[in-house]
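Note that the structure is a prediction, hence the values are computed from the model and not measured.
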Amino acid sequence: MKHKSMKTKYLAIAALALGMVACEQAANNAEIPTDNRMLFDVASPAAHTRVSNGAFEAEDKIGVYVTDYADDTTPMLLQISGNRANNEAMVFDGTSWATERTIYWGEGKSDVYAYYPYMEIADVDEQPFSVALDQDADGAYEASDLLWAKAEGVAQTDGAVSLQMQHSMSRLVVKIMAGEDYKGSLPEDATVHLHSTVTDVLFSLATGSVVKDPYAGTKSIKMRNCGIHTFADGEAVVYEAIVVPQMLLGKVPLLEINSKSVSYLLEDSFNFKPGTSYTYTAVLNTSTISIKIDIGCDIDDWNNIGGGSGDDEGGEGGVDLSGYTDLSAEGTANCYLVKASGNYKFKATLGNTEYSVGNVKKTEVLWETFGTDVMPNVGDLIASTGYQDGYIYFSTAENFNNGNALIAARNSKGVILWSWHIWCSEEGWNDQVYANNAGTMMDRNLGATSATPGDVGAFGLLYQWGRKDPFMGYGSSEVGSRDAASTGNWTSISGPKTSVYALSNPMTFIRIPWGEWCEGSGFGLQIGDLRWSESKKTPFDPCPAGYRVPAGGKDGIWAKAYVNSKGNGDGLYWELADKTMAWYPSTGIHHYDDEMLDERVSENGYCWSASISSPENAHSFSYSPNGYLYGNPPGTEGDYRAFGVPVRCIKE
């Protein structure tokens, strides 16, 4: 067997602290709750920093035990009960972890033990656990991946408890590839079974060690089919399974590959070690009389390798991204501008943060629009997209088109983890300096492909207040125009809904009769009013890097910068510092309790601010096409946050 360095996913989970209250800071900048609550920072195998490719998913649950110290140097033994915390469940909401019951610090040091997946514990020294026999079934592979962590001698002054999870099991990956003389397509329909293995273990929560159950018999495991992935040496159908650490002495039936075109049984001896990943590569070659398989194996430390994996679209080293333009090089965001056809990439992070969105199984273009009443074909703006090595990558259509698109990242359950607005505009935008040193803003609304008065491309997109994902504006500058034509399936739902729901459903308009679409925090630590902020850019801000939603109200940019303005029948001219004019189109709004656009072209125009004005409203810059300004001073009008309204970004 040869040993080589390979890439596979590395995982980290960090709390997205968007509105932590009643907290002090430790020396390492970790939050210290003043009420003695324990907080946790959970990182999965090989994630030695918080910047990583997280693989936990919403509703995943781990178990936590906490033991105290008898004195400063003597830890108490872990027991089935009587500890400070006894198998307390801690649940991941898609962004952060929280225990179902609060755990409080003692007066001295503690040891903290954690494991995944959560189970009822009967014995902390020899807890029975089994891997699934059909790991191709939904969730069975993940439920077989036994993880464990221990934090020793921690105290409240250390801040959040850091739990570095480790794989207790082994992993087997099988790659089926075509040789140079193989004829036909790869056998995507193949089933791969791992034979002759014990699937039951006894697990020690105190040490994280596992031993195969000495009384269990051998069984067969159906490996998970991960589909076709592209690697540096070609395409492969990828299969994987979680395996109990054990030694198979003598040659036994080990791997069986079956499909309409391939049938193969490998006999081998094998030593599956804890925390180790093994990759078999089966190369199909066609001779004059039969198909044969050349097979070899690579070995890696599963707990200390990073990058993509068979879970991630694109696979290990599948696409050479070195020639792709990195749109996030100057900063991450929820919106990226593209001005010409080409290949692009950006870091798959939560908005403007450094935190990974999680375990990306696939990417998808949810919708495309020219911003007009002309319906685009799928691929007219974004021809292809994928995920690899912590980056979302995509290619535009060969013939570049102006418009907008939304790319989403999904996990293995199909849930949307995050999505990004791709702003396709040959013009881009120009900065305009507002009077009275009030600030510098874009010359157009977010998503607009033009700043020319009367041009439909100047309308841009619409946003419910606090949401990062846009909705369609008007498709024509004609009076009575409706939504711009787009691909994708738009829906609406009665609210209120949480921020988590909004993130996972970026094409769903949340209708609510009283104007506030957001229900509670949705993120545990997130306060609803901090979806956008007038003082800083948040992870939910829809603007590109270096820009954010402007402040409104009496201290906002429009109130500070007002010198003169006038209407021209289809929008508003606003005087700038250099005496030239900015132009704001009459965009109308998407009504808070209506599935369609409400006000028509040439009625009124709006722009959101990031400032709240009441429990249900936020300040907006509102005006009529004849030049009337709503609110005194401008930008102080209050509108329901469930409205769909344009955004014009201010430079940070």
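- Side chains of Asn404 and Trp367 form a contact here, defined as non-hydrogen atoms less than 4.5 Å apart.
- Side chain of Asp541 to main chain of Val549: a donor-acceptor pair is present (N/O by atom type, distance under 3.5 Å, no hydrogens or angles).
- Under the 3.5 Å distance criterion, the side-chain polar atoms of Asp373 are left unmatched by any main-chain donor or acceptor of Ser476.
- Expressed to the nearest 0.5 Å, how far OH of Tyr562 lies from OH of Tyr434 amounts to 13.5 Å.
- In this structure, Tyr628 and Tyr630 have perpendicular ring planes: the angle between them is above 60°, well past the 30° mark.
- Across Thr369 and Ser486, no two heavy atoms sit closer than the pair CB-CB, 3.8 Å.
- The shortest heavy-atom contact between Tyr336 and Ser328 is OH-CB, 3.7 Å.
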**side-chain contact (heavy atoms from CB on, under 4.5 Å) between Tyr584 and Phe621, worked out** = CA-CA 10 Å; Tyr584 286 82; Phe621 174 50; 3.8 Å; yes
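- Side-chain contact between Leu381 and Ile422 is absent, with no heavy-atom pair separated by less than 4.5 Å.
- Trp420 pairs with exactly one of Thr332, Ile392, Thr349 by the side chain to side chain contact (heavy atoms under 4.5 Å, CB included) rule, that one being Ile392.
- Here CG of Asn377 is found 9.0 Å from CD of Glu368. Values are rounded to the nearest 0.5 Å.
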**Prompt:** Checking side-chain contact (heavy atoms from CB on, under 4.5 Å) for the pair Val365/Phe394: CA distance, chi angles, key distance, verdict?
**Reply:** CA-CA 10 Å; Val365 179; Phe394 67 94; over 6 Å; no
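- Using modelled atom types and a 3.5 Å distance limit, the side chains of Trp608 and Asp639 yield no donor-acceptor pair.
- Side-chain atoms of Gln388 come within 3.5 Å of backbone N or O of Val319 as a donor-acceptor pair.
- A 6.0 Å sphere centred on NZ of Lys537 holds more than 12 heavy atoms belonging to other residues, nucleotides or ligands.
- A cation-pi arrangement is absent between Arg648 and Trp558 under the rule of less than 6.0 angstrom and at most 45 degrees off the ring axis.
- Under a 3.5 Å cut-off, the side chain of Glu616 and the backbone N or O of Tyr640 do not form any donor-acceptor pair.
- Within the 6.0 Å centre-distance limit, the rings of His591 and Phe643 are counted as a close aromatic pair.
- Figure legend: Lys345 and Tyr391 shown as a cation-pi pair, the cationic atom lying under 6.0 angstrom from the six-membered ring centre and within 45 degrees of its axis.
- For the atom pair CG of Leu461 and CZ of Phe459, the computed distance is 12.5 Å after rounding to the nearest 0.5 Å.
- In this structure a side-chain-to-backbone donor-acceptor pair under 3.5 Å is missing from Ser609 to Ala551.
- One finds the CG atom of Asn401 at 10.5 Å from the CD1 atom of Ile382 (value rounded to the nearest 0.5 Å).
- Closest approach of Ser504 and Val415 over heavy atoms only: OG-CG1, 3.9 Å.
- Ser613 is not listed as a side-chain neighbour of Thr636, based on a closest heavy-atom distance of 4.5 Å or more.
- The shortest non-hydrogen separation linking Asn411 to Glu57 is CB-OE2, 3.4 Å.
- There is no side-chain donor-acceptor pair under 3.5 Å between Asn402 and Thr449.
- Between Val433 and Asp578 there is no side-chain heavy-atom pair separated by less than 4.5 Å.
- Between Glu427 and Arg444 there is a side-chain heavy-atom pair separated by less than 4.5 Å.
- When atom types are taken as modelled, the side chain of Ser620 and the backbone of Gly638 share no donor-acceptor pair closer than 3.5 angstrom.
- A donor-acceptor contact shorter than 3.5 Å is absent between the side chain of Glu364 and the backbone of Leu366.
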**Request:** Decide yes or no on side-chain contact (heavy atoms from CB on, under 4.5 Å) for Thr363 and Tyr393, but give the supporting numbers first.
**Result:** CA-CA 9 Å; Thr363 60; Tyr393 63 88; over 6 Å; no
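- For a disulfide, the SG atoms of both cysteines must be under 2.5 angstrom apart; this fails for Cys543 and Cys335.
- A distance-only check finds a donor-acceptor pair linking the side chain of Ser611 to the backbone of Gly552 [under 3.5 Å].
- With Trp423 contributing its side chain and Ala448 its backbone, the two residues share a donor-acceptor pair below 3.5 Å.
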**Message:** Using side-chain contact (heavy atoms from CB on, under 4.5 Å), reason through Gln432 and Trp574 one step at a time and then give a plain yes or no.
**Reply:** CA-CA 11 Å; Gln432 294 180 323; Trp574 178 276; over 6 Å; no
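- Counted by atom type alone, Lys468 and Thr538 present zero donor-acceptor pairs between their side chains at under 3.5 Å.
- For the pair Leu572/Leu629, a side-chain contact is recorded, criterion being any heavy-atom separation below 4.5 Å from C-beta on.
- Nearest approach of Pro544 to Ala333, heavy atoms of both residues: C-CB, 3.9 Å.
- For the residue pair Asp570 and Asn568, a side-chain donor N or O sits within less than 3.5 Å of a side-chain acceptor on the partner.
- Taking the six-membered ring where tryptophan is involved, the planes of Trp465 and Trp532 are tilted, since the angle between them lies from 30° to 60°.
- Pairing each heavy atom of Trp583 with each of Ala458, the nearest pair is CZ3-CB, 3.7 Å.
- In this structure, the side chains of Met441 and Ile557 come closer than 4.5 Å at one or more pairs of heavy atoms.
- In this structure, the separation between NZ on Lys560 and CG on Asn436 is 10.0 Å, given to the nearest 0.5 Å.
- Annotation: Asn399, atom CG; neighbour count of heavy atoms from other residues, nucleotides and ligands within 6.0 Å does not exceed 12.
- Of the inter-residue distances, the one linking Leu337 atom CG with Tyr344 atom OH reads 9.0 Å to the nearest 0.5 angstrom.
- Side-chain contact check for Ser492 versus His590: every heavy-atom pair is 4.5 Å or farther apart.
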